[in-house]
Amino acid sequence: MLDLRVLRTDPDSVRTGLTRRREPLGSFEKALELDRRVRAAQSERDELRAGVNALSKQVGELHREGRGDEAAELQAESRRHGEHEKVLDSEVARIQQEIREILLRMPNLPAAECPDGADERDNVVLRVENFDPDAYGEHQRVPHWDTGAELGILDVERATKMSGAMFVLYRGLGARLGRALVQTALDRNGDAFEELRPPTLVRTDTMVSTGHLPKFVDDAYHLERDDLWAIPTAEVPLTSLARDEILDEAVLPMRLMAHTSCFRREAGSAGRDTRGLLRVHEFDKVELLAYTTPEQAGAMHDEILARAEGLIADLGLAYRILDLCTGDLGNSSARTWDIEVYAPGADQWLEVSSVSWFTDYQARRANVRYRPAAGKGTNVVHTLNGSALAVPRVWAAIVETHRQPDGSIRLPDVIHPYCGGLTRIPGPDG
RNA sequence: GGAGAGGUGGCCGAGUCAGGUUGAAGGCGCUUCCCUGCUAAGGAAGUAACUGCCGUAAGGUGGUUCGUGGGUUCAAAUCCCACCCUCUCCGCCA
């Protein structure tokens, strides 16, 4: 959520930011106009209230002194003030609610460094690593859904029987591979990030805090009976860890990570990338998240990217880093770097991590503040996060990239400690 | 699912049964100062958030906030109604 005071005091920079996002300005202009009206009404209401408060105090004193007649006169006068005040107050409350509804649906402003652009075609490729399109052999050009069925490590048919399309079932060493990836990701970031295992079902407020509600309600699974939401990412519960809290500056930056299941309805993507693991309704992910001061945010953004990228590199995958343009930026983000891995069998670049800086957009919704060590008052923190590892697409890229001519899958060195002594998934002939 | 208790400031915790200088006692924590060779102990003062208006600013001034929303009243932490949440016991259960 944007700061209403910024809208008020620096409307041009808000217009510029929204325009860079290709966002229409209608709701912004409306919020500005409502803000003007509500402040006028508020001033008038507050004056009336001040009058009522003063009169009430006098009434109290008169009663104590036994001067009931004089008190009755003041009471009548106060009642008249009160009636007018009530009308203004409901007006104020109504407009404030309207402003909030608008602000909750307005996106964050892009960072100054964020490249301009209309859609994903304008994203800037910062670098491409470990990628040579001519270096892949025929044995690597097999999609993971074929290999997965051949080796019995991925059973899409059975998953569909259980849960429907776009759910998957890992079996045997396929399940083991996913677990090894999760543990690798957790352990290599445990040096600095506190491991949490939060709930995967959360309240509405928790979803609103990150920006997943109200605007993207169709993307989320909702358990109507209990009014709980299945989290689309651990970012959701982790961002609410400090909701409505005031942190000491000394505890910042606060680094958190969590492995959870993630649930996405993928409402707008029916029919796209539906093969195998490219797009699924439920998957496992290890998420890194940090609360920081505004000054610490830049370094933290770099750190989370470096950690996510380091693991992908160590897994021996080809990947590229994208600087998302203003038109492709997520609603809550001010700047996002995507890591995409290359899957040679599917011949596609797969997004495996979005490393995002949300400035104070989410923290204002979640009301997470900190007390500066010097100075007074409170400031809103910044939040940042990124996937350390999302299982399905990394699993797919490993199975395709590391497929050997004999049909076996070589397991990357970094996950060996979690593979029970195995260094490869045997091919179809054993 | 059944029964009960409870939600007050950064934290703990009075106040609610008799509505009125209660933004709210007391304590803890924190800040500054004094004392002190250092530490501990002790003494003094200060210490909520949000928000409107005025001010370049420091600050001043008004309003709101005792779970949430509504009601009664000149006046509500205190009375009434609804809802939400938390905890305890019982039941069930990995």
Side-chain angles (χ1 to χ4, degrees), chain A residues 1-10 31-101 103-104 197 199-209 213 223-229 237 240-252 254 261 291 360 363-381:
Chain A
M1 186 159 66
L2 299 178
D3 186 350
L4 188 55
R5 271 170 301 191
V6 171
L7 265 65
R8 198 146 72 204
T9 55
D10 194 6
L32 263 192
E33 170 57 26
L34 288 172
D35 179 54
R36 273 191 287 272
R37 277 168 48 194
V38 80
R39 273 153 59 221
Q42 203 175 334
S43 290
E44 200 179 338
R45 179 201 63 183
D46 286 353
E47 275 178 40
L48 285 167
R49 277 191 182 166
V52 169
N53 288 343
L55 285 170
S56 295
K57 205 167 269 186
Q58 289 178 41
V59 168
E61 283 165 15
L62 289 172
H63 275 302
R64 261 195 304 280
E65 293 165 13
R67 297 153 70 186
D69 293 352
E70 293 170 62
E73 281 175 40
L74 293 183
Q75 284 175 23
E77 186 184 349
S78 185
R79 197 178 303 126
R80 284 194 298 276
H81 282 249
E83 276 159 17
H84 189 192
E85 186 262 1
K86 215 171 225 178
V87 174
L88 281 170
D89 187 46
S90 66
E91 173 83 352
V92 167
R94 192 182 55 76
I95 299 177
Q96 278 175 338
Q97 183 57 30
E98 207 175 332
I99 292 173
R100 184 172 165 80
E101 298 286 337
L103 288 181
L104 280 178
R197 180 47 258 227
T200 35
L201 298 179
V202 297
R203 293 193 174 134
T204 299
D205 284 348
T206 305
M207 289 284 280
V208 170
S209 292
L213 292 178
L223 283 74
E224 197 172 339
R225 186 184 165 105
D226 296 293
D227 194 18
L228 289 168
W229 303 82
S240 280
L241 184 80
R243 192 168 76 218
D244 294 321
E245 291 186 25
I246 300 173
L247 307 170
D248 279 334
E249 184 176 354
V251 306
L252 302 175
M254 188 186 285
S261 294
Y291 297 111
D360 58 6
R364 180 165 292 106
R365 288 168 165 254
N367 192 28
V368 181
R369 292 166 291 170
Y370 71 97
R371 268 181 220 291
K376 50 182 165 181
T378 59
N379 292 337
V380 180
V381 304

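Letters go in sequence order (proteins before strands), and every chain restarts at 1.
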Looking at CD of A/E70 and CG of A/L62, how far apart are the two atoms once the value is rounded to the nearest 0.5 Å?
-> 5.5 Å
Using the P atoms only, state how far B/U78 lies from B/U21, rounded to an integer number of Å.
-> 14 Å
Side chain to side chain contact (heavy atoms under 4.5 Å, CB included) between A/E101 and A/Q97: does it pass, once the steps are laid out?
-> CA-CA 6 Å; A/E101 298 286 337; A/Q97 183 57 30; 2.7 Å; yes
C1' spacing across the pair B/G15 / B/G27, given as an integer number of angstrom = 15 Å
Heavy-atom nearest pair, A/A41 first then A/V92, reads CB-CG2, 3.7 Å
Rounding to the closest angstrom, what is the interatomic distance between B/G7 and B/U16 at atom C1'?
-> 13 Å
Roughly how far apart, to the nearest Å, are B/G10 and B/G67 at atom P?
-> 14 Å
Nucleotide-resolved protein contact map, nucleotides 65-84 of chain B, B/S/- at heavy-atom distance under 4.0 Å | -------S-BS---------
For B/U72 versus B/A18, give the span between their P atoms, rounded off to a whole number of Å.
-> 22 Å
Got a second to check how far A/N367's CG is from A/D244's CG, nearest 0.5 Å?
-> 5.0 Å
Note: A/E249 and A/Y370 closest approach over all heavy atoms is CB-CD1, 4.0 Å
Between B/U68 and B/G60 - P atom distance, rounded Å | 28 Å
Of all the heavy-atom pairs spanning A/A242 and A/V368, show the shortest one and how long it is.
-> O-CG2, 3.4 Å
Shortest non-hydrogen contact between A/V208 and A/R365, atoms and distance | O-NH1, 2.7 Å
Between B/U64 atom C1' and A/E85 atom CD, what is the distance in whole Å?
-> 11 Å
Can you tell me how far P in B/G26 sits from the matching atom in B/G6, rounded to whole Å?
-> 25 Å
One should report the stems of RNA chain B, each a stretch of at least three consecutive Watson-Crick or G-U pairs at distances under 3.5 Å, as B:1-7 with B:84-90, B:10-12 with B:26-28, B:29-34 with B:42-47, B:48-54 with B:59-65, B:67-71 with B:79-83
5' to 3', nucleotides 48-55 of chain B under a 4.0 Å protein heavy-atom cut-off (B base, S sugar-phosphate only, - none) gives -SSSSS--
How many angstroms lie between atom CG of A/D360 and atom CZ of A/R369, to the nearest 0.5 angstrom?
-> 13.0 Å
Is the count of non-hydrogen atoms from other residues, nucleotides or ligands lying under 6.0 Å from A/D69 atom CG greater than 12?
-> no
Write down the distance separating the C1' atoms in B/U47 and B/A24, rounded off to the nearest Å.
-> 15 Å
Whole-Å distance, A/E249 CD to B/C30 C1', equals 15 Å
Round to a whole Å and report the spacing from CG of A/L48 to P of B/U64.
-> 12 Å
Residues A/T200 and A/S261: closest non-hydrogen pair is CG2-O, 3.7 Å
Audit row: A/R45, A/E91, side chain to side chain contact (heavy atoms under 4.5 Å, CB included) steps and yes/no = CA-CA 10 Å; A/R45 179 201 63 183; A/E91 173 83 352; over 6 Å; no
